Protein chains: 2
Amino acid sequence: MSTTSVTDDACGLRERKKRETRRAINLAALDLVEEKGFASVTTEEIAARAGVSARTFFNYFPSKEAAVIGTTAEELESYAAALEEAVDGESPLDSLRRILAGMLAPASVDRELRAKRRRILLGEPALAPALVGNNIRIENALTGALERRLGMRPGESLGPRLTVAVAIAAVRACIEHQQNGGSGRLERNIDQAFDSIAAGLR
Amino acid sequence: MSTTSVTDDACGLRERKKRETRRAINLAALDLVEEKGFASVTTEEIAARAGVSARTFFNYFPSKEAAVIGTTAEELESYAAALEEAVDGESPLDSLRRILAGMLAPASVDRELRAKRRRILLGEPALAPALVGNNIRIENALTGALERRLGMRPGESLGPRLTVAVAIAAVRACIEHQQNGGSGRLERNIDQAFDSIAAGLR
DNA sequence: GCCGATTCTGCAGTGACTGCAAAATTGCAG
DNA sequence: CTGCAATTTTGCAGTCACTGCAGAATCGGC
């Protein structure tokens, strides 16, 4: 009901507190997973370190995995907004390359946090299923955005969903390639992957 | 029931019995999910209907989801073998189109079972995360096969993994498109998707 | 300082999943 | 057939993720 702007305006104190709690739980989860490994961490521990009750933990996240991953609706909206706005001379695939690469790169702000996230999320094989599950959310958000950018109704054409799904798959393939000790460096491989796709795979 | 399936070498009696048990659990799981929905089915029920103890259930499948999905190592190997062998005039992407489409199409044998599987697996949103998780196994198997077909060492190049990941993503996008009430028919959309990819997405 | 609405918390319960050791079953050799 | 070793099944006890519910605490506006 409140007119929450695109990213964030410090509206009520109540809202801010919820964000802080959410963030605290996510950070506690990341730290604990780094210390002991995903399997050895209990939701009670995470809740305790975050300073909330065990029950409140599940008011913020539907599962232990989700608490570690910690993707917020705001992030999704922000990526969607970035894709929705067309940039001159940039194809949808180009935009996706830029946005998805940005999700992985440690940003100027929160540099260490982003790096830590990446290290922990990609270093825990037990999280892989949950991560690809999370990709579905991202795919849906980006598909809607691309449809709007192209002036289409939802589901009108297969095109937007296909483009988004392929782009996400490309990034995921590069990550997987890296984890299996594959050749090359991540950033470079992603560039190469998008070039291959634009040129037409065989 | 004694008709051992197509790709089955009747080795020992012990081995055959394990296969039958595995299959019985999978079928029981499918039936029960169809009757009551995934969330309302317990692993004990599945075990009971399959005629094994609750504990034995977990000797065959690591989770409730896996029991419903029921992908066997033999299936994976069979798909991998199909991809590994090169066919004249068929690019890797073409082979993947043929093989992946074959996984979805109700085969001549087991027609009803395949149809039922498809109906139940795709009709249960709760299974979506597990299904994409399962895709990782398929991706790894197919990536290895394509690497061998191209005479590459594992991880030598990003190419094979990228091709496989994109192909799987294409099929998944078509399914998702269908489930969201999107336009067109599945078979046709898959063809169109692979054509788009071969032509180079933008 | 008071009230309605939201949020937090404790409690009790269900059910997935695991390790362990005894019991049943199988394959094989004598 | 018959014991014997290996494999598989099973029951049991236990841990932990996750849920509904109802009361306690907190917040925002008056």
Side-chain angles (χ1 to χ4, degrees), chain A residues 1-4 9-26 28-29 32-33 35-70 72-73 124-127 129-130 133-134, chain B residues 9-26 28-29 32-33 35-70 72-73 124-127 129-130 133-134:
Chain A
M1 307 311 187
S2 52
T3 60
T4 48
D9 31 310
C11 25
L13 177 146
R14 217 162 202 164
E15 200 64 23
R16 170 153 54 247
K17 249 205 154 185
K18 280 188 74 171
R19 282 184 205 212
E20 279 170 21
T21 303
R22 192 184 173 81
R23 187 178 174 80
I25 295 176
N26 178 228
L32 281 167
V33 168
E35 287 173 25
K36 315 169 56 177
F38 182 77
S40 308
V41 174
T42 70
T43 58
E44 288 193 9
E45 279 178 301
I46 301 173
R49 181 168 301 200
V52 297
S53 75
R55 190 62 186 79
T56 298
F57 175 94
F58 287 103
N59 286 341
Y60 280 87
F61 294 99
S63 69
K64 193 168 91 168
E65 289 86 348
V68 180
I69 296 176
T72 67
E124 277 282 349
L127 283 175
N134 196 45
Chain B
D9 32 304
C11 23
L13 177 146
R14 217 162 203 165
E15 199 64 23
R16 169 153 55 249
K17 242 196 162 195
K18 281 188 75 169
R19 280 184 206 211
E20 278 170 22
T21 303
R22 191 185 174 82
R23 186 179 175 80
I25 295 175
N26 178 227
L32 282 167
V33 168
E35 287 173 24
K36 314 170 54 178
F38 181 77
S40 308
V41 175
T42 70
T43 58
E44 288 193 9
E45 279 178 300
I46 301 174
R49 182 169 299 199
V52 297
S53 75
R55 190 63 185 79
T56 299
F57 175 94
F58 286 103
N59 286 341
Y60 280 86
F61 293 99
S63 69
K64 193 168 88 169
E65 289 86 348
V68 181
I69 296 177
T72 66
E124 278 281 350
L127 284 175
N134 196 45

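We name chains A, B, ... by the order of the sequence lines, and we start the count at 1 in each one. Worth saying up front: this structure is predicted, and the values here are computed from it rather than measured.
- Heavy-atom minimum distance, B:A54 versus B:A47: CA-CB, 3.9 Å.
- Between B:P62 and B:K17, the residue anchored closer to the 5' end of DNA chain C is B:P62, taking for each the nucleotide with the nearest heavy atom.
- Pairs passing the salt bridge (charged side-chain N to carboxylate O under 4.0 Å, His left out) check and including a residue from residues 59-69 of chain A, sequence neighbours excluded, do not occur.
- Residues A:T43 and A:F58 form a side-chain contact, since some pair of their non-hydrogen atoms from C-beta on lies under 4.5 Å apart.
- Applying the salt bridge (charged side-chain N to carboxylate O under 4.0 Å, His left out) rule to pairs touching residues 48-61 of chain B yields B:E35-B:R49, sequence neighbours excluded.
- Shown here for B:F57 and B:V52, the closest heavy-atom pair between the two residues is N-CG2, 4.4 Å.
- At a threshold of 4.5 Å between non-hydrogen side-chain atoms, the residues A:Y60 and A:K18 count as touching.
- If you walk DNA chain D from 5' to 3' and mark each nucleotide with an atom closer than 4.0 Å to a heavy atom of chain A, the marks span D:dA17 to D:dG28.
- Residues A:A29 and A:A67 approach most closely at CB-O, 4.0 Å, considering heavy atoms.
- Not counting sequence neighbours, the partners of A:K36 by the side chain to side chain donor-acceptor pair (under 3.5 Å) test are A:E45.
- The stretch residues 37-52 of chain B comes close to DNA chain D through B:V52, each having a heavy atom under 4.0 Å from the strand.
- Remark: B:A48 pairs with no residue by the side chain to side chain contact (heavy atoms under 4.5 Å, CB included) rule, at least two apart or across chains.
- Across all strands shown, B:Y60 has heavy atoms under 4.0 Å from sugar-phosphate atoms exclusively, and none from any base.
- Nearest approach of B:V68 to B:V33, heavy atoms of both residues: CG2-CG2, 3.9 Å.
- First and last contacts of DNA chain C with chain A, using any nucleotide atom under 4.0 Å from a protein heavy atom and ordered 5' to 3', fall at C:dA5 to C:dC11.
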